[in-house]
Amino acid sequence: MKTKPLFIVISAPSGCGKTTLIDMLLQEYSDIVYSISCTTRAPRGEEEDGVDYHFKTVERFEELIAEDAFIEHARVHGNYYGTLREPIESALKEGCSVILDIDVQGAAKVREFVRALPDSDPMKAGYVDIFILPPSMEELRSRLVGRGTDSPEAVEKRLENAEGEIARAGEYMFRVTNDDLGMAYRRLCDLIDALSGRM
Ligand code: 5GP
């Protein structure tokens, strides 16, 4: 079935299950590709070039900025991060949808970039942004504590960041609450199916 290629931008505070939901979508939908960001930070642990990130030198990254290769870029903790335009355009042209996983500030820049495009541009025609919400701050706290990966101070910091991000959830076209993973996933699929004309 021919479907409309979507440019799906997803944001969520950490602990809301965004990575799991995106992984589930990528497993189920062979015609959705994940937008791999560029960064100048060093790979960590098992991270692979071209899988987790496109790892670049500062010089190369700055060349790419000068070439206008990014739809958005930012400096986070002294490192550059950015989203390349070309792979998104190519995927959409081939009829695939693209998922971009990005924080609220990055999403705002992408939205601004897309808004300035002509209506006929596939990135604009297929644009949709979705914010994943936790059921409550208490539930988010207990998930972050349960994860066991952060110190109590780091959990508090993440919760503080989450509040700031959730305050901007209204900027998104759609919000999906991750109360139950299976149900949240279903809602996400229904949304994507409806917008891409899959049903
Ligand atoms: P990390 O180094 O832990 O993988 O990511 C650090 C931060 O960079 C995270 O907040 C992440 O959302 C952000 N980030 C990752 N990729 C991009 C990107 O393409 N653009 C922007 N603006 N931020 C990104």
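Nothing fancy with the numbering, it's 1 onward along the sequence. Both counts, for ligands and for their atoms, begin at 1 and track the order of listing.
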Problem set entry | Ligand-side contact atoms (ligand 1) for residue partner A74, heavy atom cut-off under 4.0 Å | 22 (N)
For this session: Look at atom 3 (O) of ligand 1 and say which protein heavy atom is nearest, naming residue and atom and giving the distance to 0.1 Å.
Result: R44 NH2, 3.1 Å
Exercise. Less than 4.5 Å apart, any side-chain heavy atom of L64 and any of Y80?
Worked result: no
Exercise. Are R141 and M137 close enough that some pair of their side-chain heavy atoms sits under 4.5 Å apart?
Worked result: no
Problem set entry | Shortest protein contact, atom 19 (O) of ligand 1 (heavy atom only) | S37 OG, 2.7 Å
Exercise. Any idea which protein heavy atom is nearest atom 5 (O) of ligand 1, and the distance to it?
Worked result: Y53 OH, 3.4 Å
For this session: State, yes or no, whether a side-chain contact exists between L84 and C38 at a heavy-atom distance under 4.5 Å.
Result: yes
Seminar exercise, completed: When distances are taken from atom 7 (C) of ligand 1, the protein heavy atom at minimum range is V76 CG1, 4.0 Å
Seminar exercise, completed: Contact region, D101 to ligand 1, non-hydrogen atoms below 4.0 Å, reads neither
Problem set entry | Proximal atoms of ligand 1 relative to G82 (non-hydrogen, under 4.0 Å) | 18 (C), 19 (O)
Exercise. Would you call K157 and E160 a salt bridge, taking side-chain N to carboxylate O under 4.0 Å as the test?
Worked result: yes
Exercise. Among all protein non-hydrogen atoms, which one is nearest to atom 20 (N) of ligand 1, and what is the separation to 0.1 Å?
Worked result: E72 OE2, 2.6 Å
Problem set entry | Nearest-contact summary for atom 23 (N) of ligand 1 - protein heavy atom, Å | Y81 CB, 3.8 Å
For this session: Please report which non-hydrogen protein atom sits nearest to atom 12 (O) of ligand 1, along with the residue it belongs to and the distance in Å to one decimal place.
Result: D103 OD2, 4.0 Å
Exercise. Which ligand 1 atoms are under 4.0 Å away from a heavy-atom of R41?
Worked result: 1 (P), 2 (O), 4 (O)
For this session: Ignoring angles and geometry beyond distance, decide whether C38 reaches within less than 3.5 Å of ligand 1 through its nitrogen or oxygen atoms.
Result: no
Exercise. Should the ring pair Y127 and F7 be called parallel, tilted or perpendicular, given that the plane angle runs from 0 to 90° and is split at 30 and 60?
Worked result: perpendicular
Exercise. Same cluster or not: are Y29 and L100 linked, directly or through other Ile, Leu, Val, Met, Phe, Trp or Tyr residues, by side-chain heavy atoms under 4.5 angstrom apart?
Worked result: yes
For this session: Would you indicate whether E112, at its atom CD, is surrounded by more than 12 heavy atoms from other residues, nucleotides or ligands within a distance under 6.0 Å?
Result: no
Exercise. Only one of R143, E165, R158 forms a side chain to side chain donor-acceptor pair (under 3.5 Å) with S14, so which one is it?
Worked result: R158
